[in-house]
Amino acid sequence: MIEKLLVPDIGDFEEVEVIEILVKQGDQINLNDPVVTIESDKSSVEIPSILSGKIESVNIKVGDKVSMGDLILNIESSKENTSEKPIPKDTESIIKQAESVLKNKKKEEIIQQNPAEEKKQTIIQVTNDYDIDPLETQDWLESLSAVVEKDGNQRAHFLIKELINKAYREGADIPYTQNTPYINTIPPEAEVKSNGDQNIERRIRSLIRWNAAAMVVRANKKFPELGGHIGTFASAATLYDVGMNHFWRAKNNKYGGDLVYFQGHSAPGMYARAFLEGRLNEKQLDSFRQEVKPGGLSSYPHPWLMPKFWQFPTVSMGLGPMLAIYQARYMKYLINRGLIKDEGRKVWAFLGDGEMDEPESLGAIGLAAREKLDNLIFVVNCNLQRLDGPVRGNGKIIQELEGSFRGAGWNVIKVIWGSYWDSLIANDKTGHLVKIMNETVDGEYQAMKARDGVYVREKFFGKYPETQELVSSLSDKDIWRLNRGGHDPHKVYAAYDKAIKNQGSPTVILAKTIKGYGMGKTGESVNTTHQTKKLDVDDLLYYRDRFDVPLTDEQVRNIEYFKPDEKSPEIKYIKERRLNLGGFLPERTTYAKPIKAPSKDIFDFMKVSTGKKEMSTTMAMVRMFTNLLRDKNISPRLVPIIPDEARTFGMEGFFQKIGIYAHEGQKYEPEDAAQLSSYREDKSGQVLEEGINEAGAMSSWIAAATAYTNHDIEMIPIYIFYSMFGFQRIGDLAWAAGDSQARGFLIGATAGRTTLAGEGLQHQDGHSHLIASTIPNCVTYDPTFHYELAVIFREGLRRMHEKKENVFYYITTMNENYSHPEMPKDKNCEEGILKGMYKIKEFNKFKKTKIQLLGSGTILREMMAAAEVLQDEYQIDSEIWSVTSFNELRKDGMEVERYNLLNPDKEQKSSFVEKCLGKSEGPIMAASDYMRMNSDQIRPYTNKSFYSLGTDGFGRSDTRKNLRKFFEVDKEHLVAYSLSVLAKEQLIASKYAKDAIKKYNIDGEKPMPTKL
Ligand SMILES: Cc1ncc(C[n+]2csc(CCOP(=O)(O)OP(=O)(O)O)c2C)c(N)n1
Ligand SMILES: [Mg+2]
């Protein structure tokens, strides 16, 4: 049967041009195969076939204009189409999802039916001054205790929820607190016990503590300027050790490995452990913070500096939490897209409580809960201090964070009190102990740990007679020994165990610790702990005794490291534990296979002229991606990342074609379901549509750009954003991307100070290339024409994803429509595009006076237009150079200059700029749509007179023409400036320049645009 394939609903567009026909008469095609590509002035989309069969006739040709309902082709449909329709892919995946939800539900039911082998529980009556009827309160509490005892926690929880709902409906609109009492979330009877040897583990921990501290003290004794931290790791040692000994599985050939983000300032602890494991030696420990000589240990986790060790840069506070969230999300993305196996891997992130003040730290926790990231575990080391003093002297950081995380939907586990407290809390029949715990603020908690048992007895337990009585049989020493949860390996183990078993939500463990734990009077729980990097002999002796480190006084005085014999139980234990967990951590490896760059002809269509057809480089880029999605090698690896701007960039066609990633699929029929580019969310969707969230999008990009090491799969992330909201918004993340050795593309779209016309000051970017140039491994380009973009992009694919070079690309694209010429036939053109400049045109008619004109981005076109005027009206010859990257030219120039200066007796090399311009005639004038500093970068690398123009100053909304006039980079200004330059160089008389200035109504008295 012959069926017609018509142009579907393409939204608001009519008379849209056909730019490609992908099939021909006689072809056999399948359902959903693309048949033609159409292009409006904003975007290009493929039309897929709605049938399988043989093409009987094609009724349109390239260049035709089509609208909805027009006939594209006739298909002789194959039998399958006429019989029952196949179940659409979406429906299939919905069924699969429903099944898995059912499975999970069943699991939940099983958990619920088992009221947690609970022991008898009694609700503690918390004494409250505002209680107007304590007897009534007692009644209610007893009833609740009875419910807990008879029907379990779930039932009790249900009843409380119902009560709150009822109160709300009756008008009691008082928010219910997000907080639980200031005690551990896991009651002692529900703690899962570790099967580790606690004695050996304690000894190992002591050695790690000692060596970590010794390393910092030794470095600073030698060179006091080096700095370092002891207090952070001292407070977190148990948190790390329990993970290392029992939980964190390393990557090996059988398993992908857990991913652990270590808190930056605790790095010495990781080195100290690696020393015991035999991965680092004494000499290396002695090179802590001395990295200039190869082999030194970096101050903090920096993959760039220790590429076989550190996996994640974390030391810029707030980046770790965000990167970890998006890492966990990206892991699910790879699983849901079928690119990696689901092996139950976890992402762990260690964070400081002070660090949680960074907006970035809490900024993405909503996403983590929304996406049900049960592969994510945060451990916040709540030592109550940051750098200057208490994190929340007048409040309680643990309670505050509990509220934030619970409110966002996380599973919160508080680890506040150590085991020595268990019996006290159990005996607190009146609730006065918990009352004090709740009432005491962090400033007091900190102060107590800087004092002694006498002080704690008086200031803490002494508040009420009931609590005084509770500790009456304890000595001051016993009271001092009452430990905090984060220093108790049993409590920490139980929390980690619960965290890894949690399903359906991310977990945060809030562990209370003491900053500078064990450092004694000078360093423990005092406001200066963070900065303490020197310990005198008394402190060191105290530290040794506190942790029973087997060193003599003499060895302590010499600050010797201690490593037991290889055959000692400690070393055997530590290695065995790691062997059981698959290997050492941290460790950075990659076994990803390279992706073969596509053949050059895939970009051939971008090397021919577009004729009269005008398009922006953004559109050319979208066309290029559409083509890349047809390449079987490349297509599955592309990760388009867009922060709510797909329509701005004409990328809405991707929604249907490759889908938007959504872990729950699509639970609704989109409003635009009937349209070709309708909004399609899918569990295996490819596009990461991040919403209005540049920092999140960049974190996703980093996760994808480092998948080659974290998941052993090379991916090609392409993050497209408004160039103004790129580097300047997420600069610190971009720096971390460089450190992480990210590989991928950043596309700064709608770029240029005068090219994005109407959007004004906050949108018009005239400096992103300069910010990008601060990152040493960021390669940047500002192409003008589509063939330049094609050459640059392909080379990026080749360098990063085939040759695995650790660089990343920043390319700006514009939204100005113009026609694109054919790629010049000159064999050096491609090399020039990649190195940063090539000659695009030459005017040589008069052979009298010549000028070299360098243009970049859209301003190249102004330069080309100016050159024509110069020739036609002033008989000035010129050579026009398309500068694709001032940044790359500067890098080359610097390197060559350095070589020449360091090798004065050798043959001197020429910079690429000099190779291009050295023998050319006349002065140089350069302009771009960026600040003058952009083109000024190459000034030192040529001996010729050099003048630069640019868009210095605040942007403002207006037409492109007016903006270019304002910033003096329009054709007219370029002509006048060229004449002035030639006059200054005494090559022509100044009257020509003066006349031109007058002719073009240029006001010589106008202030610099930077002042307007
Ligand atoms: C973005 C950023 N700002 C400031 C710093 C400097 N800094 C380093 S550690 C620190 C205090 C950290 O306190 P906390 O997060 O509580 O960690 P702790 O050492 O107490 O575990 C500060 C302010 C930084 N590293 N990064
Ligand atoms: Mg802290």
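These figures come from a predicted structure and were not determined experimentally. Every number for a ligand or one of its atoms is a count from 1 in the order of the listing. Position 1 is the first residue of the sequence, and the numbers go up from there.
Under the side chain to side chain contact (heavy atoms under 4.5 Å, CB included) rule, F312 has a single partner from L259, L323, I702, which is L259.
Among the backbone and side-chain atoms of N383, an N, O or S atom lies under 2.8 Å from the Mg ion (ligand 2). Not a single N/O/S atom of T232, whether from backbone or side chain, sits less than 2.8 Å from the Mg ion (ligand 2). Taking backbone and side chain together, D353 holds an N, O or S atom under 2.8 Å from the Mg ion (ligand 2).
Every atom of ligand 1 with a heavy atom of S316 under 4.0 Å away is listed here by number and element: 1 (C), 26 (N). Per-residue contacts place G354 under 4.0 angstrom from the following atoms of ligand 1 (heavy atoms of the residue considered): 14 (P), 15 (O), 16 (O). Here is the list of ligand 1 atoms found below 4.0 Å of a heavy atom in E355: 14 (P), 15 (O). Within ligand 1, counting atoms from 1 as listed, the ones closer than 4.0 Å to a heavy atom of N383 are 18 (P), 20 (O), 21 (O). If you number the atoms of ligand 1 from 1 as listed, the ones under 4.0 Å from a heavy atom of T232 come out as 18 (P), 19 (O), 21 (O). Under a 4.0 Å criterion applied to the non-hydrogen atoms of H265, ligand 1 contributes the atoms 8 (C), 9 (S), 25 (N). For ligand 1, the atoms lying closer than 4.0 Å to a non-hydrogen atom of V315 are 24 (C), 25 (N), 26 (N).
The protein non-hydrogen atom at the shortest distance from atom 11 (C) of ligand 1 is L387 N, 3.7 Å. Ranking protein heavy atoms by distance to atom 5 (C) of ligand 1, first place goes to M317 CG, 3.8 Å.
A cation-pi arrangement is absent between R484 and Y420 under the rule of less than 6.0 angstrom and at most 45 degrees off the ring axis. For the pair K346 and F247, the NZ or CZ position fails the cation-pi test of under 6.0 Å to the six-membered ring centre and within 45 degrees of the ring normal. Geometrically, R209 does not engage Y517 in a cation-pi contact, judged by NZ or CZ lying under 6.0 Å from the ring centre and within 45° of the ring axis.
Between the side chain of K396 and the backbone N or O of N438, at least one donor-acceptor pair lies under 3.5 Å. Looking at D442, its side chain never comes within 3.5 Å of a backbone N or O of G393 through a donor-acceptor pair.
Taking a cutoff of 4.0 Å between a charged side-chain nitrogen and a carboxylate oxygen, R392 and E400 qualify as a salt bridge. Between D241 and R273 there is a salt bridge, since a side-chain N of the basic residue sits under 4.0 Å from a carboxylate O of the acidic one. A salt bridge is defined here as a Lys NZ or Arg NE, NH1 or NH2 lying under 4.0 Å from an Asp or Glu carboxylate O, and K463 with E444 meets this definition. Salt-bridge annotation for E191 and K491: present, with a side-chain N of the basic residue lying under 4.0 Å from a carboxylate O of the acidic one.
The nearest protein heavy atom to atom 24 (C) of ligand 1 is closer than 4.0 Å.
Within the structure, ligand 1 has E358 among the residues with a heavy atom less than 4.0 angstrom away. At least one heavy atom of Q263 sits closer than 4.0 Å to an atom of ligand 1.
Looking at R386, K515, E360, it is K515 that brings a heavy atom closest to atom 18 (P) of ligand 1.
With a heavy-atom cut-off of 4.0 Å, Q385 touches ligand 1 through its backbone alone.
Other residues, nucleotides and ligands contribute more than 12 heavy atoms inside 6.0 Å of the OH atom of Y455.
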